[in-house]
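Following: one structure in structure tokens, then a few remarks.
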Amino acid sequence: KMSELSRAKFQLEYEKSRTESEILPIKAERDRLQSEKQMKDRIIDDLRKELASSRDEQDKLFREKFEMARDLRRQLQAEKAAASYQQQMAEEALQAQYREKKLKE
């Protein structure tokens, strides 16, 4: 009975050792895949941050462009108003000169 138990124990230890040997490449592959996944996850995270930063920059540039266009429209309006006022003043001065000339005649 002891020899059977001893043989069974030896057989189990052999199978355990063989199984562990067979599992080693699988564990190595698992570790390699986990490492690769972590690296890819970092790359994905970096790309997401880059994309968010690019979107923020794009939004900032859009707002700046919108503000510049608004400012230019305001300046154009002010310049048009000034030109219109100058034209009106010139016409009034011309009319005043014409009236003066008519009075002298």
task = Apply side chain to side chain contact (heavy atoms under 4.5 Å, CB included) to the pair L24 and E20, showing each step before the final yes or no.
result = CA-CA 6 Å; L24 281 176; E20 285 175 347; 5.8 Å; no
request  = State yes or no: do L47 and M39 share one hydrophobic cluster built from I, L, V, M, F, W and Y residues joined by side-chain heavy-atom distances below 4.5 Å, directly or via other members?
outcome  =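 Yes, it is one cluster - the side chains of L47 and M39 are joined through contacts under 4.5 Å.
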Under 3.5 Å donor-acceptor pairs involving side-chain atoms of residues 55-83, not counting sequence neighbours:
none

task = For the residue pair R30 and I26, establish whether any side-chain heavy-atom pair is separated by less than 4.5 Å.
result =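 No, too far: nothing below the 4.5 Å cut-off.
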inquiry  = Using 0.5 Å steps for rounding, measure from the CD atom of E15 to the CD atom of E22.
reply    = 10.0 Å
ask   = What distance do T19 atom OG1 and L12 atom CG have between them, rounded to the nearest 0.5 Å?
value = 10.0 Å
inquiry  = Please check this pair: side chain of S35 against backbone of D31, looking for a donor-acceptor N/O pair closer than 3.5 Å.
reply    = no
task = For the pair Q11 and R7, evaluate side chain to side chain contact (heavy atoms under 4.5 Å, CB included) and give the outcome as yes or no after the intermediate values.
result = CA-CA 6 Å; Q11 182 68 29; R7 195 168 20 133; 5.7 Å; no
task = Among E91, E92, Q87, find the one that has a side-chain contact (heavy atoms from CB on, under 4.5 Å) with M89.
result =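 Only one of E91, E92, Q87 forms a side-chain contact (heavy atoms from CB on, under 4.5 Å) with M89, namely E92.
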task = Could you note down all residue pairs passing side-chain hydrogen bond (donor to acceptor under 3.5 Å, both in side chains) where residues 36-51 supplies at least one of them, sequence neighbours left out?
result =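 Passing the test, one end in residues 36-51: R32-E36, E36-K40, K37-D41, D45-K49.
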